[in-house]
2 protein chains.
Amino acid sequence: MTTIKDVARQAGVSVTTVSRALNGHDDVNPETRRRIQEVADQLGYSPNIAARTLVSKRSRTLGLLLSALTRNSVKDNIVFEMLCGMNDRAAELEYDLVLFNTTPQKQRQKSYKALCKERGVDGVIMMGMRLDDPYLEEMLHASIPCVLIDIPIERKKNIGYVMTDNVQGAMEAVTHLIERGHRHIGMINGHAQAAVSIQRLDGYRQALGRHGIPFADRYVEDGGFSEDGGKDAAYRLLTSCPELTAIFCASDLMALGALQAIRALGKRVPEDISIIGFDNIVAAQYCTPALTTVNQDKYQMGYIAAATLIDMLEGRQVPRYRKMPAELIVRASTGPAPVRQN
Amino acid sequence: MTTIKDVARQAGVSVTTVSRALNGHDDVNPETRRRIQEVADQLGYSPNIAARTLVSKRSRTLGLLLSALTRNSVKDNIVFEMLCGMNDRAAELEYDLVLFNTTPQKQRQKSYKALCKERGVDGVIMMGMRLDDPYLEEMLHASIPCVLIDIPIERKKNIGYVMTDNVQGAMEAVTHLIERGHRHIGMINGHAQAAVSIQRLDGYRQALGRHGIPFADRYVEDGGFSEDGGKDAAYRLLTSCPELTAIFCASDLMALGALQAIRALGKRVPEDISIIGFDNIVAAQYCTPALTTVNQDKYQMGYIAAATLIDMLEGRQVPRYRKMPAELIVRASTGPAPVRQN
DNA sequence: ACAGGTATCCGAAACGTTTCGGATAATTGG
DNA sequence: CCAATTATCCGAAACGTTTCGGATACCTGT
C-alpha cells in the first residue's frame, strides 16, 4: 500500500525524483539516489504496475495464446514443456506471462486486438493454433509483436516464429526405416490445417524419392493428432494396404494409438510392423515397445520463443525466424523389414 | 486505441454514462444503453484494464505461484493438468491467470506481498511448494486471498485449500496389497516437507495397523519425489530388507524409478515384488508392467482451486477446504504375494 | 399547484505512475 | 567577473477508468 508519494515524503524529495532515481535515470545525485533507495527498501515500496502500464504503455507482460491448453492435450507434455521454457526466459528478463483464456465461443465476441489491448500485453506468443484459426488472420493485421510456434509466416516485421525442422526430422525418420530394409512405408499424418503436417509429409515424400520409392497416396491417412485418431488410421492403413511393413506417424500420440491397433490386429511391433513417431513425448520412452521417434527440443523452443519476442520488443536486432534441429531417437519400435514370404 | 471518451463523444453522452451503461448499472435509460453499446461495438471499444485496475483496485486476475514449473516436473503432468482446470474455470468466470516467475534467488529480493501488490492480482493459487518455503509463511501474514494446493492450512479466513484425500488413498493402496497376501510392505515416501508425504505415510500406517501388521521404521525410505530418488530408495529397501514383497510409492514417478531398480536387481514385477504408485500420471498406464496406482483428479483439483478462490473473492459463502476422493486403479504391477520358500 | 419521489444524466476527483519543460544552483571557460 | 554550461531537482499534466455527489426533468398523489 505504500506509494511513490510516501517514499518521496519520507525521503524529502519530489515524486519525480523518486521515479527517476528508482528507474536509473542519470540526472539524480548518487547520494540522493542512495537515500531514496534506502527509504524505498525500508518502506517495502514496489511500484504499481497498473499505474505504470497506464502511462508508459508498456507492461512487461507477454500474452500466451495456447489453444492447446485443454484437457486432451494433457497426454503429450509438449505444451507444458514449452511453457516451462517460456517461463524461464521471461523470468530472466523480468517479464510476466499471462494466459489468455480463449474458448471458441469467446473468440466470436472478442477480437484478437481487443484481447491484447485490454490486457495491455507487449507481445504475444501463439501456439497450438490451426492454420484456419480466426485469431491468426486477425493477428496479421494487428501491430502487436507476435512469435508463432510451428507456424512459419514471414510476411511482417513484427512477427517471428520458431519451429522444428520438420522436413529434416521426417526425412531422418523415414530414411531410418528405408535403411532397415522397409519399402512399403505408410504415414499417419495430423490434419491439413497444421503446418507441421505439411512439412512432415514433405519430408516423408523426399525421403522416399531419394531412394527411388514411389509415393502412394493411399499410404497416408490423417489421424488428427489424437491417440484414437492414430489408432483408426493405423487400422485403415493396415487392412487396406497389407503390404506395409512400417508406419511413420506425425506424432507420438498417434503412434501410441497405432501400437494399439496393431496389437488388436494380432501383429507384433517391430517384428511385423515398425512404428516411428514424432515429438518424443514422455510416454514414448515408457511404452512397450519403447517408441523410436524424432525428438523436438520443446523446452528450448519455448525458451527461444520468449527470448525472440522480448528481443523484438526491446528493439534488439535478432533473427526472427528460428528452425530447431530435430533428432532421431532409435528405440525398440523399429526393426529390420520382415523377409517377404511371397 | 479507442477509449471511453471516443465512445462518449460518438454517442453524445458523458463518459460517466458510458461507463455505467457498459458495466450494467441500472440508472441508465435502456434506449441510451442500447445506443452506447452499439457505438462501442462499432468502434471496437474495450476498456483498458490497467486504468480500471488502478481505480477499482480489482484486476480480475489470479496469480499462480507454481514452484513446480520447472523442467524436471515435466515428466509428471500433474501441474499441467491442474493448470488446465484452473484455466477453464477462470475462463468461465472471466478471470485471467498470470504466472509468477519466481526463482529461488528472486525470492530473496522480492517479498510475496510485493509480488502480489505489484501485479495487482486479486488472489493467488499456490502449488508445488514445500512446507518450508518462505513464501508460505509470508502468505499467512498477507491479506490477499489464497488457495493452496496440497497444503492444508485452516488458520485464516482468506485462505482455502484443495487436496486429495491422501490418507484414504494410501490406505486403499496398502489394503489392496494386504488383501493380495502381502505382509512385508515397504514404502517409498517423498520428503518431510510435503503435506502429502505425511498423509500418505499416515494412510500406510493405518492400513497396516488395521490388519495387525506392525509398522517398521526401516521399511520406509524417502525418494524425494523424483524418478532417480525412487530408484535409489528401492535399491536400499530391497537390499536391506530382502523379505519385502511389495512397495507402496508416494508418487508414480518414484514407482517408475523403483521399477528400474527392481529390474536391475534381477527381480520381476509383480511376480517377485508388487509395486503401487500414487497420482496416476500419464506414463503410469504406458509403462510395463502398467502401474497400479491411486488416481488423483488433477484437473478437477485445479478447477476447484480456481472456483474456490473466485468465490472467495466475490464474497460467496462456500466451503474453503476441499478434500477430493482418491481412487485405486488396479493394473499390472501388483499381484498376489509370492509363496514363502522358507 | 406543490412537495416529494424517481429516472436519467453529468462534472470532477481520484487511482499511482512517468515525463516534459523548465527552474535553481553550482561550475566552468575566457 | 560574467556568460554559458552542467548537475540536480521539481511542478504539473497525462494515461483511461470508476464513482461520489449532485443536477435536471418528469411524475405522482393529494
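To find a chain, count down the sequence lines: A is the first, B the second, and so on, and within it residues start at 1.
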As a check of understanding: the bend across the helix from dA1(C)-dT30(D) to dG30(C)-dC1(D), end axes from five pairs, rounded to 10 degrees, works out to 30°
If I take atom CZ in residue R9(B) and atom P in nucleotide dC10(C), what distance separates them, rounded to the nearest angstrom? 14 Å
Taking OP1 and OP2 of dT8(D), is either one under 4.0 Å from a side-chain nitrogen or oxygen of N29(A)? yes
Sidechain-backbone polar pair: N158(A) side chain, S143(A) backbone, donor-acceptor under 3.5 Å: yes
Please verify the inter-ring angle class for H191(B) with F225(B); under 30° counts as parallel, over 60° as perpendicular, anything in between as tilted. perpendicular
Using distance only, find each side-chain donor-acceptor pair of residues 42-54 of chain A under 3.5 Å and give its atom names and separation, not counting sequence neighbours.
{"from": "N48(A)", "atom 1": "OD1", "to": "A50(A)", "atom 2": "N", "distance (Å)": "2.8"}
{"from": "N48(A)", "atom 1": "OD1", "to": "A51(A)", "atom 2": "N", "distance (Å)": "3.0"}
{"from": "T53(A)", "atom 1": "OG1", "to": "I49(A)", "atom 2": "O", "distance (Å)": "2.7"}

What nucleotide, of dC10(C), dC9(D), dG16(C), holds the atom closest to the side chain of T32(A)? dC9(D)
Tell me the interatomic distance from R60(A), atom CZ, to dT18(C), atom P, rounded to whole angstroms. 12 Å
Can you tell me how far P of dT17(D) sits from CG of L22(B), to the nearest Å? 10 Å
Side chain of L54(B) only, heavy atoms from C-beta on: which candidate in dC10(D), dT17(C), dC15(C) is closest? dC15(C)
Respond yes when some side-chain nitrogen or oxygen of S14(A) is under 4.0 Å from OP1 or OP2 of dC10(D), and no when none is. yes
Backbone N/O of D27(B) and side chain of R20(B): donor-acceptor pair under 3.5 Å: no
L43(A) CG to dG16(C) P: how many Å, rounded? 14 Å
Report yes or no: does N23(A) contribute a side-chain atom to a donor-acceptor pair with the main-chain N or O of S19(A) at less than 3.5 Å? yes
What is the distance from NZ of K5(B) to C1' of dA12(C), rounded to the nearest Å? 12 Å
Is there a side-chain polar atom (N or O) of T17(A) under 4.0 Å from OP1 or OP2 of dC10(D)? yes
Any donor-acceptor pair under 3.5 Å from R89(B) side chain to T308(B) backbone: no
What is the distance from CG of D26(B) to P of dA7(C), rounded to the nearest Å? 9 Å
Find every protein N or O atom lying less than 3.5 Å from an N or O atom of nucleotides 19-27 of chain C, and list the pairs.
{"from": "dT19(C)", "atom 1": "O4", "to": "T16(A)", "atom 2": "OG1", "distance (Å)": "3.1"}

Within the supplied structure, the quantity of interest is the number of heavy atoms (other residues, nucleotides, ligands) at a distance under 6.0 Å from E31(B) CD; does it exceed 12? yes
Proximity to the side chain of R52(B) - top-ranked nucleotide from dT18(D), dC15(C), dC10(C): dT18(D)
Without swapping roles, check the side chain of E138(B) against the backbone of Y112(B) for a donor-acceptor pair under 3.5 Å. yes
Look at the side chain of K156(B) and the backbone N and O of A142(B), then say whether any donor-acceptor pair between them is shorter than 3.5 Å. yes
Using a distance-only test with no angle check, is there a side-chain donor-acceptor pair under 3.5 angstrom linking T61(A) and D96(A)? no
Selection from dG16(D), dC10(C), dG11(D) that lies nearest to any side-chain heavy atom of K57(A): dG16(D)
Rounded distance in Å - CG (N48(B)) to P (dT17(C)): 16 Å
Between CZ of R58(A) and P of dC15(D) the distance, given in whole Å, is 19 Å
